[in-house]
There are 2 protein chains.
Amino acid sequence: MQTDAAPRPTLADVAARAGVSASTASLAFSGSGPVSDATKARVLAAATELGYAGPDPRARSLRRGRSGIVGVVLEERVRAAFLDPVKIQTLDGISEGIAPLGAGLLLLTDTGEAGGQAVGIESAPVDAVVLIGCSPRLGHSVEVLRRRGIPAVAIEGQTGEDIPEISIDNRNATRRGAEYLRELGHSQVSLVTLPLDAERTRGRLTAELERDSTTAVATERLAGARAVFPDATGLAAAASSIEEGLEAGRALLSDPANRPTAIIAQSDLLAAGVIQAAEELGIAVPRELSVLGFDGIRVDGLQHDLTTLVQPSVAKGRAAGEALVRMLAGEQAVSVAFVSTLHIGDTTAPPRH
Amino acid sequence: MQTDAAPRPTLADVAARAGVSASTASLAFSGSGPVSDATKARVLAAATELGYAGPDPRARSLRRGRSGIVGVVLEERVRAAFLDPVKIQTLDGISEGIAPLGAGLLLLTDTGEAGGQAVGIESAPVDAVVLIGCSPRLGHSVEVLRRRGIPAVAIEGQTGEDIPEISIDNRNATRRGAEYLRELGHSQVSLVTLPLDAERTRGRLTAELERDSTTAVATERLAGARAVFPDATGLAAAASSIEEGLEAGRALLSDPANRPTAIIAQSDLLAAGVIQAAEELGIAVPRELSVLGFDGIRVDGLQHDLTTLVQPSVAKGRAAGEALVRMLAGEQAVSVAFVSTLHIGDTTAPPRH
DNA sequence: GGGCCCACTCGAATCGATTCGGCCTACAAT
DNA sequence: ATTGTAGGCCGAATCGATTCGAGTGGGCCC
């Protein structure tokens, strides 16, 4: 086999073969501009003969100034991010929102300066970026984006800059849920929170841990719960998963003498885990234990209709996408605050006396 | 606010300000090449003063001929793909395998010519591509990639071309699992398969449906099961999910007079759904019903230790990534066939007589 | 038959950075 | 002191396509 010396044909080659100029050939491909049908056909034929696969995206994007790619910055590694249904829904919403752009989604992680010459947020050919979740080191990324003039939107993460934020009323929503529990008569309430710090420390909620919290979502929801139950004890989970909820649930429920009548979980997955723990321990939900979730996702395999704060994850993603579309069109995009609604299912009831 | 007339500074601007040539400034940034420390510092300083955010990725990729992006082609829309843990694991493996490249992952879907001017596989600035799953219209994509000279690897999808495939022994593995069931004494066995055609038709397995099957994975696994239980009845699910498994399970188990003693599911999620259906109907697993899965994922929330064919999803992804790395380095990459192992859990037992 | 307009095509500049060969200078060796 | 050498820096070509203004031919209308 002769070495792959065969240089791939370029638009110029095609044009030459078709007997037209490069500019005409370009027009024939992009469709914009007046080109006679005969000429176009000739160009296309030449392209086929030469095995030309269409304009090089790299050159095209340089010239056009747009790459047709939207970046999504996740704070975790790929696997972790996609284990969370909320993130997936959000991502799906984004892809829906940017559909008019016909752009691809480039996954980027925020994991430090990454290994080696990684294509980080600083050197990715993206037209716009969605930042998901907040991260301490986001500041740097945002600065780079600003300098590059790349439009960005943040979902659930205040950046401190002037980039639009898509969020929900984490604090108020949780407060509403907590108030509902109080109205039912609960006073012995425990909390299971999302990770509070970047290290995802698992363990008891301490004043210290709460103070040093760096993740806005968890902090806000915690504040909402605390507004109603100031002294509730609780645990911080290391992730949003059934597994973590199960573990937290076991810890919170194992001591019969000192058992809460209700548990506020900061995500549906955690809530599902808590319910599973209760079942393991023979504790009836909701008769003996009320459980409140957050998200409003359908937990595959959960038998209950979870009482939870439904947030429109897909809509959030879509709003982010649409905001980007608007920004790319030169308009000014604004922050959007969604509201979550309390869905009352069958996992909450008055406490047993 | 004056219109955004402020043109972003280019490398040339920085060079001018630093009093050096563009070429020198370039070297100062990329680090390759001899540049005195003093000069480099001056360039960097000038860059800071001008708010220069580093070389434009578009121009760089045109010149260098590489974009630092690897495409992942999924056969479904984003949401659907990420509901499947196996896909997620695979994706994670890919990102691990291509780590040496420091490349980003660009999500592409294979959904026809997409809407509008979408950045499809035909016009994405990717250095390499991983094709996940096989799809009838993959042929076209493969052709485009070949013409473009973009290295590609296929995971579980024979392309008919000379691109490397990463796969497992779907047929033999399933056969081994089926044989195990037969050894236990089962003869009344039903099947729950993954979607057999592109339309994801849900319903009874018919000769017709099996013949027209277009998805290799499902077909192979089916063949493996049929090698042991040629006349097993079964259902095709519309997706790999607990929900679908639940539905299929209900259908297969609802008639007490005509109930299988074992069910072979083509994925763990389906198996989990089947088990749930059994529980609903008061059928004990494994005493009254044995269930065999496929994948070896941890189904969040499943109480059982599923008997299943464990496939190394992450390793498959990693192998694909590594193959790409090798191909990009000019080496020839070869297909890799992994083997799955039968994990015997607590969901299979001899049939009750 | 002449003038005008339209439709199509072409040239050339441009997008922004990279890279290779050459050149210059300063220092070292003889 | 002269030549050799190497480190540093610069010029210019190049990557491949797009785009806009200019040019040209033919057809149409009067």
Side-chain angles (χ1 to χ4, degrees), chain A residues 7-43 46-47 50-68 117 119 122-125 127 147-150, chain B residues 7-44 46-47 50-68 117 119 122-127 147-150:
Chain A
R8 239 148 271 298
T10 73
L11 184 57
D13 298 330
V14 174
R17 169 147 195 144
V20 300
S21 74
S23 32
T24 302
S26 173
L27 294 184
F29 271 101
S30 62
S32 56
V35 181
S36 72
D37 290 342
T39 307
K40 183 181 293 188
R42 207 142 35 86
V43 172
L50 259 43
Y52 179 68
D56 185 320
R58 288 178 288 255
R60 179 202 291 258
S61 74
L62 169 59
R63 184 62 240 247
R64 296 236 250 233
R66 296 182 300 104
S67 63
Q117 66 216 14
V119 167
E122 15 231 6
S123 66
D127 294 339
R147 276 227 272 271
R148 273 224 145 75
I150 297 178
Chain B
R8 239 146 270 298
T10 72
L11 184 56
D13 299 329
V14 173
R17 171 152 194 139
V20 300
S21 74
S23 31
T24 302
S26 174
L27 294 184
F29 271 100
S30 63
S32 57
V35 180
S36 71
D37 291 341
T39 307
K40 184 181 294 189
R42 207 141 34 86
V43 172
L44 262 31
L50 260 43
Y52 179 68
D56 184 320
R58 289 179 286 254
R60 179 201 291 254
S61 75
L62 170 59
R63 184 64 242 244
R64 296 236 250 231
R66 295 182 300 105
S67 63
Q117 67 217 13
V119 168
E122 14 230 8
S123 65
V126 294
D127 294 339
R147 276 226 273 268
R148 274 225 144 73
I150 296 177

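Letters A, B, ... are given to chains in the order of the sequence lines, protein chains preceding strands, and every chain is numbered from 1. Model, not experiment: these values are computed from the prediction.
- Across the protein-nucleic acid pair, A/F29 atom CZ and D/dG16 atom C1' stand 13 Å apart, rounded to whole Å.
- Between the CG atom of A/L27 and the C1' atom of D/dC20 there is a distance of 11 Å, given to the nearest Å.
- If you check distances only, the side chain of A/R63 does reach the base of C/dT14 with a donor-acceptor pair under 3.5 Å.
- Nucleotide C/dC8 holds its P atom 14 Å from the CZ atom of A/R42, rounded to whole Å.
- In this structure, CZ on B/R58 lies 14.0 Å from CZ on A/R60, to the nearest 0.5 angstrom.
- The C1' atoms of five pairs define one axis at each end of the helix from C/dG1-D/dC30 to C/dT30-D/dA1, and these two axes lie 40° apart (to 10°).
- Distances shown here put every side-chain N or O of A/S23 at or beyond 4.0 Å from the OP1 or OP2 atom of D/dT19.
- Note that CG of B/L27 is 11.0 Å distant from OG of B/S36, once rounded to the nearest 0.5 Å.
- We find the CG-CZ distance between A/D56 and B/R148 to be 6.5 Å, quoted to the nearest 0.5 Å.
- Remark: P of C/dT18 and CG of A/L62 are 12 Å apart, rounded to the nearest angstrom.
- Residue A/L11 contributes atom CG, which lies 14 Å from atom C1' of C/dC10 at whole-angstrom precision.
- Look at CZ on A/R58: it is 17 Å from C1' on D/dT18, rounded to the nearest Å.
- A/R63 CZ to A/S26 OG: the interatomic distance, rounded to the nearest 0.5 Å, is 10.0 Å.
- At the heavy-atom level, B/S36 lies under 4.0 Å from the strands shown only through sugar-phosphate atoms.
- Side-chain atoms of B/S26 lie closest to C/dT18 of the nucleotides D/dC9, C/dT18, D/dA17.
- Taking the side chain of B/V35 as heavy atoms from C-beta on, and the options C/dG16, D/dT19, D/dC9, the nearest nucleotide is D/dC9.
- Taking CZ from A/R64 and CG from A/D127, the interatomic distance works out to 11.0 Å, rounded to the nearest 0.5 Å.
- At a threshold of 4.0 angstrom between heavy atoms, the contacts of B/T39 are confined to the sugar-phosphate backbone, with no base atom among them.
- Across the protein-nucleic acid pair, A/K40 atom NZ and C/dC10 atom P stand 15 Å apart, rounded to whole Å.
- Side-chain nitrogen and oxygen atoms of B/S21 include at least one within less than 4.0 Å of the OP1 or OP2 phosphate oxygen of D/dC10.
- For the pair B/Y52 and C/dG16, the criterion of a side-chain N or O lying under 4.0 Å from OP1 or OP2 is not met.
- Residue A/P34 is classed as a base contact, given a heavy-atom separation below 4.0 Å to a base.
- Here C/dG16 presents its P atom at 15 Å from CZ of B/R60, a figure rounded to the nearest Å.
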Derivation of the side chain to side chain contact (heavy atoms under 4.5 Å, CB included) call for A/F29 and A/V43 | CA-CA 8 Å; A/F29 271 101; A/V43 172; 3.9 Å; yes
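- The structure places CZ of B/R17 at 12.5 Å from CZ of B/R42, a figure rounded to the nearest 0.5 Å.
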